[in-house]
*Asks:* 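Take this structure first; my questions come after.
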Amino acid sequence: MLFLFLLSSFVFKGNADTIGLNVSAGPKQNYTFPKDFLFGVSTAALQIEGAWDADGKGESIWDHLVHVQNPKFAKDGSTPDVAADSYHNYKRDAEMVHELGVNIYRFSISWPRIMPKGLKNDINQKGLEYYRNLLMELEKYNVTAMVVMYHWDLPQALQEMGGWTNENIVDYFADYAKVLYDNYADKVKYWVTFNEPMQVCLEGYGNTYRAPKLNQTGFADYLCTHNLLKAHAKAYHIYNTTYRPTYGGQVAISLDSNWAEPKTESASDREAAERYLQFHLGWYTHPIYSAEGNYPAEMIRIIDEKSRQQNFSQSRLPKFTPEEIEYIKGTGDFFGLNHYTTYYLTMADKQVGAVPSHANDCGIVRFQNPKWPSKSSSNWLRVVPVGFRRLLKWVSNEYNNVSILVTENGFADFSGVHDAERVSYYGHYLNALLHSMYEDKTNVKGYCAWSLMDNWEWDDGLTSRFGLFLVDFKSPNKTRTPKDSAKMYAKVIKSRSLPDNFDPTDFSAFSSSNVLLPSVLTVVTLLSLT
Ligand code: GBH
């Protein structure tokens with residue numbers, strides 16, 4: 001215990017210089033956000049709507065997970081049954097979006113609310129009405145809608161037919177996309193097919209902490225991705241040929257990525273970091289945004305080779321036909337990027353993960369530096385703004401200076417309206433974004449904060465809060481109150497610049513108290529690696 005206590009004294013004390021990496025993104029400059037830069041704010045259906053079985057909505061895989069598979073899934077035992085009750089509070093939600101002064105509201109549609117069993121023979125008019133009402137409310141305030149078709153809540157009936165591992169889902173998803181286009185294309189300028197497909201496939205099919213928690217890594221995660229990419233491309237092409245001529249909107253996908261910082265400057269660590277990016281982000285983005293299409297060549301080579309060694313008759317990584325490669329390539333009008341934090345990477349010096357598994361295929365080890373600022377209720381969320389800047393540059397270099405829309409970025413705490421940590425986080429990450437645009441010449445077109453309001457944060461339940469607005473989950477109306485960060489964000493948007501008192505060397509908001517447990521855990525991981 002004394003040992004742990006001594007270790008904990010390593011925790012960050014408010015200085016931007018840490019071993020090997022200055023976390024600050026760059027010195028203070030007078031950069032401003034261009035006039036046409038888009039500001040937005042994001043949410044997801046399952047995390048805010050509640051009304052899980054109201055008005056004909058079908059069961060989603062998340063409803064099934066928390067009601068049937070494992071009622072103790074969330075660490076506080078909560079469910080998304082009611083959440084922030086946005087099904088009944090959408091008018092207030094639109095008003096909050098308006099109060100922030102953002103251009104864009106990015107929200108998701110619940111597939112089972114529209115098609116209870118996922119298929120087009122049964123369409124729930126009440127569900128369609130709900131989103132139409134929300135869109136009309138946004139229109140009233142002149143807010144542009146960005147609609148995410150799939151933020152993880154698959155109809156349970158489709159899961160029972162294999163979910164994303166069943167190739168027929170490509171057509172089912174296309175039917176769903178058509179219903180959305182037919183009903184809402186006149187009101188939606190930006191469409192996002194999928195939010196964070198890596199969470200769906202790697203964590204939901206390869207692991208246990210997202211629904212449907214299949215835990216079949218090395219197989220189901222690759223299959224899931226394969227079908228999901230085809231479904232994405234099909235939804236893109238349908239819009240492109242049938243709806244774009246009339247409505248002129250844009251279609252893309254939102255990918256999540258941590259920044260991967262090589263542990264040292266050694267060639268091997270640099271290779272580990274590059275491999276991390278290619279085996280995670282690149283797995284999804286190389287097929288869509290690269291000039292050659294398909295999965296990253298190195299990923300194909302390694303998984304094919306390992307599959308041979310493991311005595312499989314074919315690679316565990318499915319193959320696209322040349323026609324499919326062409327069909328998927330170029331199906332993104334912009335690059336939607338979700339980003340929160342950074343990891344160090346190094347090559348594994350012994351076998352990692354089960355054999356076979358995605359982790360084993362990667363053969364790398366990641367960890368965070370306990371000295372990086374944190375103090376978040378999400379133990380993975382360390383504050384490394386320079387990582388955001390480096391990630392934006394990596395994406396730009398890799399994909400020919402593609403137009404990037406940051407579709408999520410934010411910070412979690414335990415609660416309260418005086419959220420100095422979140423205010424500081426947004427200052428630092430927006431500073432990183434400005435440096436990226438002005439100094440690295442990246443093509444960043446916009447930024448959405450995650451999240452408009454506190455919500456049901458998946459396995460963290462209601463204990464980890466990402467909102468700009470506080471939600472009183474105990475009150476009957478789920479009362480919403482702006483936090484200090486909401487006021488700060490509104491001011492940034494209005495002035496097109498960072499707050500006057502923003503200091504890029506100041507991380508003191510993240511010093512003191514509740515960093516102890518997460519940092520002890522990270523130090524222990526760090527030591528076990530060396
Ligand atoms: C987003 O995921 C989601 O889109 C959103 O629904 C969610 O509420 C929000 O972020 C906050 O979590 O694998 O060790 O890094 C963010 C990406 C990836 C962050 C998985 C948490 C888990 C720990 N997430 N990560 S780790």
Side-chain angles (χ1 to χ4, degrees), residues 33 37-45 47-49 83-86 89-108 134 137-138 141 143-146 148 151 195 338-340 375-378 381 383 385 388 405-433 446-457 460 462-473 475 477-499 502 509-510:
F33 294 97
F37 187 85
L38 298 164
F39 281 103
V41 68
S42 298
T43 60
Q47 294 178 273
I48 60 168
E49 284 177 6
D85 201 16
S86 284
N89 289 316
Y90 70 92
K91 289 196 175 164
R92 171 67 180 130
D93 293 352
E95 183 183 74
M96 283 146 51
V97 169
H98 172 65
E99 282 170 25
L100 290 173
V102 292
N103 313 91
I104 292 180
Y105 181 39
R106 175 185 182 265
F107 63 94
S108 81
L134 172 59
E137 205 63 19
L138 294 172
Y141 293 119
V143 171
T144 303
M146 180 185 283
V148 178
H151 197 126
N195 177 69
N338 292 4
H339 172 76
Y340 291 84
K375 206 186 169 191
S376 174
S377 51
S378 289
L381 215 173
V383 187
F388 186 27
L405 244 155
V406 177
T407 40
E408 283 184 24
N409 174 244
F411 184 82
D413 62 17
F414 291 95
S415 194
V417 290
H418 299 302
D419 54 342
E421 300 86 357
R422 185 172 292 99
V423 168
S424 180
Y425 182 95
Y426 279 125
H428 282 294
Y429 276 71
L430 288 169
N431 182 49
L433 193 145
Y447 173 93
C448 296
W450 179 271
S451 179
L452 174 61
M453 70 193 103
D454 295 336
N455 59 42
W456 191 76
E457 176 56 24
D460 278 339
L462 300 173
T463 64
S464 195
R465 292 166 179 255
F466 276 91
L468 292 166
F469 283 75
L470 184 101
V471 175
D472 179 357
F473 291 109
S475 67
N477 299 329
K478 314 294 169 198
T479 311
R480 287 107 155 102
T481 314
K483 302 182 187 178
D484 291 347
S485 57
K487 294 171 191 161
M488 176 258 185
Y489 192 44
K491 234 170 155 174
V492 166
I493 295 168
K494 198 153 189 209
S495 67
R496 315 304 287 177
S497 58
L498 296 178
F502 172 72
F510 308 100

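It should be emphasised that the depicted structure is a prediction, and the values quoted were computed from it without experimental measurement.
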*Asks:* Could you state the interatomic distance from OG (S378) to CZ (R465), rounded to the nearest 0.5 Å?
*Replies:*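 Reported value, rounded in 0.5 Å steps: 12.5 Å.
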*Asks:* Less than 4.5 Å apart, side chain to side chain, heavy atoms only: is that true for M453 and I48?
*Replies:*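 A side-chain contact under 4.5 Å exists here.
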*Asks:* One pair to check against side-chain contact (heavy atoms from CB on, under 4.5 Å): Y425 and L381. What are the steps and the verdict?
*Replies:* CA-CA 11 Å; Y425 182 95; L381 215 173; 3.8 Å; yes
*Asks:* Going by heavy atoms in the side chains, are F466 and D413 under 4.5 Å from each other?
*Replies:*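 With C-beta onward as the side chain, the pair stays apart.
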*Asks:* Quick one: does any side-chain atom of R422 pair with a main-chain N or O of A486 as donor and acceptor, under 3.5 Å?
*Replies:*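 Looks like no, no N/O pair under 3.5 Å.
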*Asks:* What's the spacing between N409 CG and L430 CG if we round to 0.5 Å?
*Replies:*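 The CG atom of L430 is 7.0 Å from CG of N409, to the nearest 0.5 Å.
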*Asks:* Just do the ring-ring contact (aromatic ring centres under 6.0 Å, His included) check on Y141 and Y105 with the steps written out, would you?
*Replies:* CA-CA 11 Å; Y141 293 119; Y105 181 39; over 10 Å; no
*Asks:* Can you measure from CE (M488) to OG (S424) and round to the nearest 0.5 angstrom?
*Replies:*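 With rounding to 0.5 Å, CE (M488) is 8.5 Å from OG (S424).
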*Asks:* Verify, without hydrogens or angle tests, whether R92 (side chain) and T479 (backbone) share a donor-acceptor contact under 3.5 angstrom.
*Replies:*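 Answer holds: no.
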*Asks:* Give me the atom names and distance for the closest heavy-atom approach of A509 to E421.
*Replies:*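 What the structure gives for the nearest pair is O-CG, 3.4 Å.
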*Asks:* Tell me if a side-chain donor or acceptor on K483 pairs with a main-chain N or O of G467 at a distance below 3.5 Å.
*Replies:*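 Side chain of K483 to backbone of G467, a donor-acceptor pair under 3.5 Å: yes, one is there.
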*Asks:* Of all residues at least two apart in sequence or in a different chain, which pass the salt bridge (Lys or Arg N to Asp or Glu O under 4.0 Å) check with D85?
*Replies:*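 Not a single residue meets the salt bridge (Lys or Arg N to Asp or Glu O under 4.0 Å) criterion with D85.
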*Asks:* Hey, does the side chain of N338 reach the backbone of E408 with a donor-acceptor pair shorter than 3.5 angstrom?
*Replies:*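 Such a contact is found between N338 side chain and E408 backbone.
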*Asks:* Do D93 and R480 sit within salt-bridge range, that is, some charged N less than 4.0 Å from a carboxylate O?
*Replies:*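 R480 and D93: salt-bridged.
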*Asks:* Looking only at atom types and distance, does a side-chain atom of S495 sit under 3.5 Å from a main-chain N or O of K491, one as donor and one as acceptor?
*Replies:*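 Yes, the answer is positive, given that a donor and an acceptor are paired below the 3.5 Å cut-off.
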*Asks:* For A84 and N89, which heavy atoms make the closest approach, and how far apart are they?
*Replies:*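 In terms of heavy atoms, the two residues are closest at O-ND2, 3.2 Å.
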*Asks:* Does the ring center of F33 lie less than 6.0 Å from the ring center of F39?
*Replies:*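 Judged by ring-centre distance (under 6.0 Å), F33 and F39 do meet the cut-off.
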*Asks:* Do R106 and V148 pass the side-chain contact (heavy atoms from CB on, under 4.5 Å) test, and can you show the C-alpha distance, the side-chain angles, and the key distance before you say yes or no?
*Replies:* CA-CA 7 Å; R106 175 185 182 265; V148 178; 3.7 Å; yes
*Asks:* Does the side-chain contact (heavy atoms from CB on, under 4.5 Å) test come out yes or no for S42 and S451, once each step is laid out?
*Replies:* CA-CA 5 Å; S42 298; S451 179; 5.6 Å; no
*Asks:* Which pair of heavy atoms, one from F107 and one from A145, lies closest together, and at what distance?
*Replies:*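 F107 and A145 have their closest heavy atoms at CE2-CB, 4.2 Å.
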*Asks:* Spell out, as yes or no, whether a donor-acceptor pair under 3.5 Å connects the side chain of D419 to the backbone of D484.
*Replies:*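 Looks like yes, one N/O pair under 3.5 Å.
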*Asks:* May I ask you to decide whether D472 forms a salt bridge with K478, counting only side-chain N to carboxylate O separations under 4.0 Å?
*Replies:*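 Salt bridge absent between D472 and K478.
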*Asks:* Without swapping roles, check the side chain of Q47 against the backbone of N455 for a donor-acceptor pair under 3.5 Å.
*Replies:*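 No, the answer is negative, given that no donor and acceptor are paired below the 3.5 Å cut-off.
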*Asks:* Are the side chains of Y447 and L38 in contact, using a 4.5 Å heavy-atom criterion?
*Replies:*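 In short, these two side chains do not touch, never coming nearer than 4.5 Å.
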*Asks:* Are the ring centres of F388 and H428 closer than 6.0 Å?
*Replies:*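 When the ring centroids of F388 and H428 are compared, they turn out to be at least 6.0 Å apart.
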*Asks:* Identify the heavy atoms of A83 and W456 that sit nearest to each other, and give their distance.
*Replies:*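 Shortest heavy-atom contact: CB-CB, 4.5 Å.
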*Asks:* Would you say that N103 contacts V143 through its side chain, given a criterion of any heavy-atom pair below 4.5 Å between the two side chains?
*Replies:*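 Side-chain contact under 4.5 Å: no.
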*Asks:* Side chain of T144, backbone of I104: donor and acceptor closer than 3.5 Å?
*Replies:*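 Absent.
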*Asks:* First locate atom OH of Y90, then atom CD of E95, and finally report the distance between them rounded to the nearest 0.5 Å.
*Replies:*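 Y90 OH to E95 CD: 13.0 Å, rounded to 0.5 Å.
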*Asks:* Can you check side-chain contact (heavy atoms from CB on, under 4.5 Å) on L452 and L468, steps first, answer last?
*Replies:* CA-CA 5 Å; L452 174 61; L468 292 166; 5.6 Å; no
*Asks:* Contact between V406 and H339 at the side-chain level, heavy atoms closer than 4.5 Å - yes or no?
*Replies:*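 No - every pair of side-chain heavy atoms lies 4.5 Å or more apart.
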*Asks:* Evaluate the side-chain proximity of F510 to F411: yes if any heavy-atom separation is below 4.5 Å, no if none is.
*Replies:*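 They are in side-chain contact.
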*Asks:* Answer yes or no: is there a side-chain heavy-atom contact under 4.5 Å between M146 and L405?
*Replies:*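 Contact flag for M146/L405 side chains = yes.
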*Asks:* Counting distance only, does the side-chain N/O of S108 pair as donor-acceptor with the main-chain N or O of A45 below 3.5 Å?
*Replies:*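 Looks like yes, one N/O pair under 3.5 Å.
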*Asks:* Between L100 and F469, is there a side-chain heavy-atom distance shorter than 4.5 Å?
*Replies:*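 Counting from C-beta outward, F469 and L100 do come under 4.5 Å.
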*Asks:* Rounded to the nearest 0.5 Å, how far does OG1 of T463 lie from CG of D454?
*Replies:*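 Separation between the atoms: 11.0 Å.
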